[in-house]
Participant: 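Sharing a structure below in C-alpha cells format, with a few things to ask.
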2 protein chains.
Amino acid sequence: MADRQLYELHASICQTLANPKRLEVIDLLRDGEKSVTEIVEAMEISQANLSQHLTVMRQKGIVVPRREGVNVYYRLSNPKIIKACDLMRQVLLEHLQAGVELARG
Amino acid sequence: MADRQLYELHASICQTLANPKRLEVIDLLRDGEKSVTEIVEAMEISQANLSQHLTVMRQKGIVVPRREGVNVYYRLSNPKIIKACDLMRQVLLEHLQAGVELARG
DNA sequence: TCCTTATATTAGAATTATCGAACATTCTAA
DNA sequence: TTAGAATGTTCGATAATTCTAATATAAGGA
C-alpha cells in the first residue's frame, strides 16, 4: 500500500478522535465495556447524538459493540488507542505547562 | 481545569493531526528539522498550502519554527508526538491486518 | 534601491462535520 | 401481539476545513 493511502487512513483515525465527546467516550471505556445508557448517563449528551458518535467510531474500528438483550455494550477495539490518547494528553499537558497557546478554533 | 475543556483541547490536537498532508510533514520532521523548501520538495504540495498547514501546526504547538536568513526551519515541538502517531499507525496496521473496514470518508 | 528567493496571508468556492429533531428499529415482557 | 425501553437512522441547518489563486512580506545580494 502506498504511503499516501496510509496517511489518509491515519488521518481518518485522527479525525475520529478529533471530537471532545468521542474522546470522553473513549475515556469512559478505558476500564471496560459500557452500555449506551451507561454512557449517556455519564455524559452530557443526547442519546441520539451519542449513537451518531458511536456509529462513527464503530465504522472506523475504534469501538466494538456487543448486544445483550436490549442493551448494546461498547468496548475499545484495541488498548493502544488508550495509549495513543494518553500520549497526546501528555503532550497537551506539557504544552499547557509551557504556556503554549492551544485554544480551540 | 475542567475535564470538558481538556477534552476540547485534546480534540483540537487530534484535529490538527487529522490531515494526511500534516501527518506527512510530521513524518518528515521525525529525524530533525527541515526548511519549508525541503518539505515542499519532499511532498506533492504547493508552497502556499504547506505554509497554511505549518501555520495550523505552529498555532497548536505541534511544530516550532526557526528562521535562519531567508529560510525557516521547522521541527517537532515534542518527541511524544511521533510516539503518539506511531501508536496510532500501529492500531491502523493491526486493524488492516484484521480486515477492519477503515475507508476514509 | 531594486531584484530575487523564501515564506506567509487572504479570499472565496467546494467539501465535510456536527447537532437537534423526528422517526425507525430491536428486543423483552406481559 | 402489543407496549415500552434501548438503540439506531435520516434530514436539514449551521459551522468548520481544505484547497487554489492571487497577493503580501521578509531577507539578502547586486
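A note on names: the letters A, B, ... follow the listed sequences, proteins ahead of strands, and every chain is numbered from 1. A quick note: this is a predicted structure, and the numbers were derived from the prediction, not measured.
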Participant: Per the salt bridge (charged side-chain N to carboxylate O under 4.0 Å, His left out) rule, what does the pair list look like for residues 15-24 of chain A, sequence neighbours excluded?
Facilitator: A:Glu24-B:Arg4
Participant: Between the opening five pairs and the closing five pairs of the helix from C:dT1-D:dA30 to C:dA30-D:dT1, how far apart are the helix axes, to 10°?
Facilitator: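 Rounded to the nearest 10 degrees, the bend comes out at 10°.
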Participant: Run the salt bridge (Lys or Arg N to Asp or Glu O under 4.0 Å) test against B:Arg30 and tell me which residues pass, sequence neighbours left out.
Facilitator: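 In terms of salt bridge (Lys or Arg N to Asp or Glu O under 4.0 Å), with neighbours along the sequence ignored, B:Arg30 is linked to B:Asp27, B:Asp86.
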Participant: Checking B:Asn71 now: which residues fulfil side chain to side chain donor-acceptor pair (under 3.5 Å) with it, not counting sequence neighbours?
Facilitator: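 Expected list: none.
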Participant: Measure from the side chain of A:Leu54, starting at C-beta and using heavy atoms only, and say which of D:dT17, D:dG8, C:dA17 lies closest.
Facilitator: D:dG8
Participant: Hey, does the side chain of B:Gln59 reach the backbone of B:Val56 with a donor-acceptor pair shorter than 3.5 angstrom?
Facilitator: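 No, because the side chain of B:Gln59 does not come within donor-acceptor range (under 3.5 Å) of the backbone of B:Val56.
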Participant: Under the 3.5 angstrom rule, does the side chain of A:Arg58 hit a backbone N or O of A:Lys60 as a donor-acceptor pair?
Facilitator: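 No, because the side chain of A:Arg58 does not come within donor-acceptor range (under 3.5 Å) of the backbone of A:Lys60.
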Participant: In terms of side-chain heavy atoms of A:Arg58, which of C:dA8, C:dG20, D:dG8 is nearest?
Facilitator: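 Output: D:dG8.
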Participant: Indicate, yes or no, whether a donor-acceptor pair under 3.5 Å links the base of C:dT10 to the side chain of B:Gln52.
Facilitator: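 By the distance-only test, yes, there is a pair.
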Participant: Answer yes or no: does a side-chain N or O of A:Ser51 lie under 4.0 Å from OP1 or OP2 of D:dT9?
Facilitator: no
Participant: What pairs with B:Glu68 under side chain to side chain contact (heavy atoms under 4.5 Å, CB included), at least two apart in sequence or on another chain?
Facilitator: B:Arg66, B:Tyr73
Participant: Please report the distance, rounded to the nearest Å, between CE in A:Met57 and P in C:dA17.
Facilitator: 15 Å
Participant: Which residues, ordered by chain and number, are linked to A:Leu87 in its hydrophobic cluster, where ILVMFWY side chains connect at heavy-atom gaps below 4.5 Å, directly or through other members?
Facilitator: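 Its cluster mates, by chain and number, are B:Leu87.
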Participant: Heavy atoms under 4.0 Å, any strand shown: does A:Thr37 hit a base, just sugar-phosphate, or nothing?
Facilitator: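 Sugar-phosphate only.
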Participant: Between atom CG in A:Leu17 and atom P in C:dA17, what is the gap in whole Å?
Facilitator: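 Distance check: A:Leu17 CG to C:dA17 P gives 14 Å.
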Participant: Rounded to the Å, how far apart are B:Lys21 NZ and D:dT17 P?
Facilitator: 19 Å
Participant: Under the side chain to side chain donor-acceptor pair (under 3.5 Å) rule, collect the residues that match up with B:Ser46, sequence neighbours excluded.
Facilitator: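 Counting only residues at least two positions away or on another chain, B:Ser46 forms no side chain to side chain donor-acceptor pair (under 3.5 Å).
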Participant: Tell me: CD1 of A:Ile45 to C1' of D:dT7, nearest whole Å?
Facilitator: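 To the nearest whole Å, that distance equals 14 Å.
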Participant: Between P on D:dT18 and CG on B:Asn49, what's the gap in Å once rounded to a whole number?
Facilitator: 9 Å
Participant: Closer than 4.0 Å, any side-chain N/O of A:Ser35 to the OP1 or OP2 of D:dA6?
Facilitator: no
Participant: Let me know the distance between CG of B:Leu50 and P of C:dT5, rounded to the nearest Å.
Facilitator: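 One finds 19 Å between P of C:dT5 and CG of B:Leu50, rounded.
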Participant: Which residue, B:Ala48 or A:Pro65, contacts DNA chain D at a nucleotide closer to its 5' end, judged by nearest heavy atom?
Facilitator: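 Final value for this comparison: A:Pro65.
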Participant: Mark yes or no for whether B:Thr55, through its side chain, and B:Ser51, through its backbone, hold a donor-acceptor pair below 3.5 Å.
Facilitator: yes
Participant: Which pairs would a plain distance check flag for residues 75-82 of chain A, meaning a side-chain donor or acceptor within less than 3.5 Å of a matching protein atom at least two apart in sequence or in another chain?
Facilitator:
unit_1	atom_1	unit_2	atom_2	d
A:Ser77	OG	A:Gly61	O	2.6
A:Ser77	OG	A:Ile62	O	3.3
A:Ser77	OG	B:His95	NE2	3.2
A:Asn78	OD1	A:Lys80	N	2.9
A:Asn78	ND2	B:Glu94	OE1	2.8
A:Lys80	NZ	B:Gln90	OE1	2.9
A:Lys80	NZ	B:Glu94	OE2	2.5

Participant: Rounded to the nearest angstrom, tell me the gap between atom CD in B:Gln15 and atom P in C:dT18.
Facilitator: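 B:Gln15 atom CD is separated from C:dT18 atom P by 8 Å.
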Participant: Starting from P on D:dA24, measure out to CD on B:Gln47 and report it in whole angstrom.
Facilitator: 15 Å
Participant: Does any residue of residues 66-76 of chain A have a heavy atom under 4.0 Å from DNA chain D, and if so, which ones, in number order?
Facilitator: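 Contacts with DNA chain D under 4.0 Å: A:Val70, A:Asn71, A:Val72, A:Tyr74.
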Participant: Would you please confirm or rule out a distance under 4.0 Å between OP1 or OP2 of C:dA17 and any side-chain N or O of A:His53?
Facilitator: no
Participant: Is there a side-chain polar atom (N or O) of B:Asn19 under 4.0 Å from OP1 or OP2 of D:dT17?
Facilitator: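 Negative; the distance criterion is not met.
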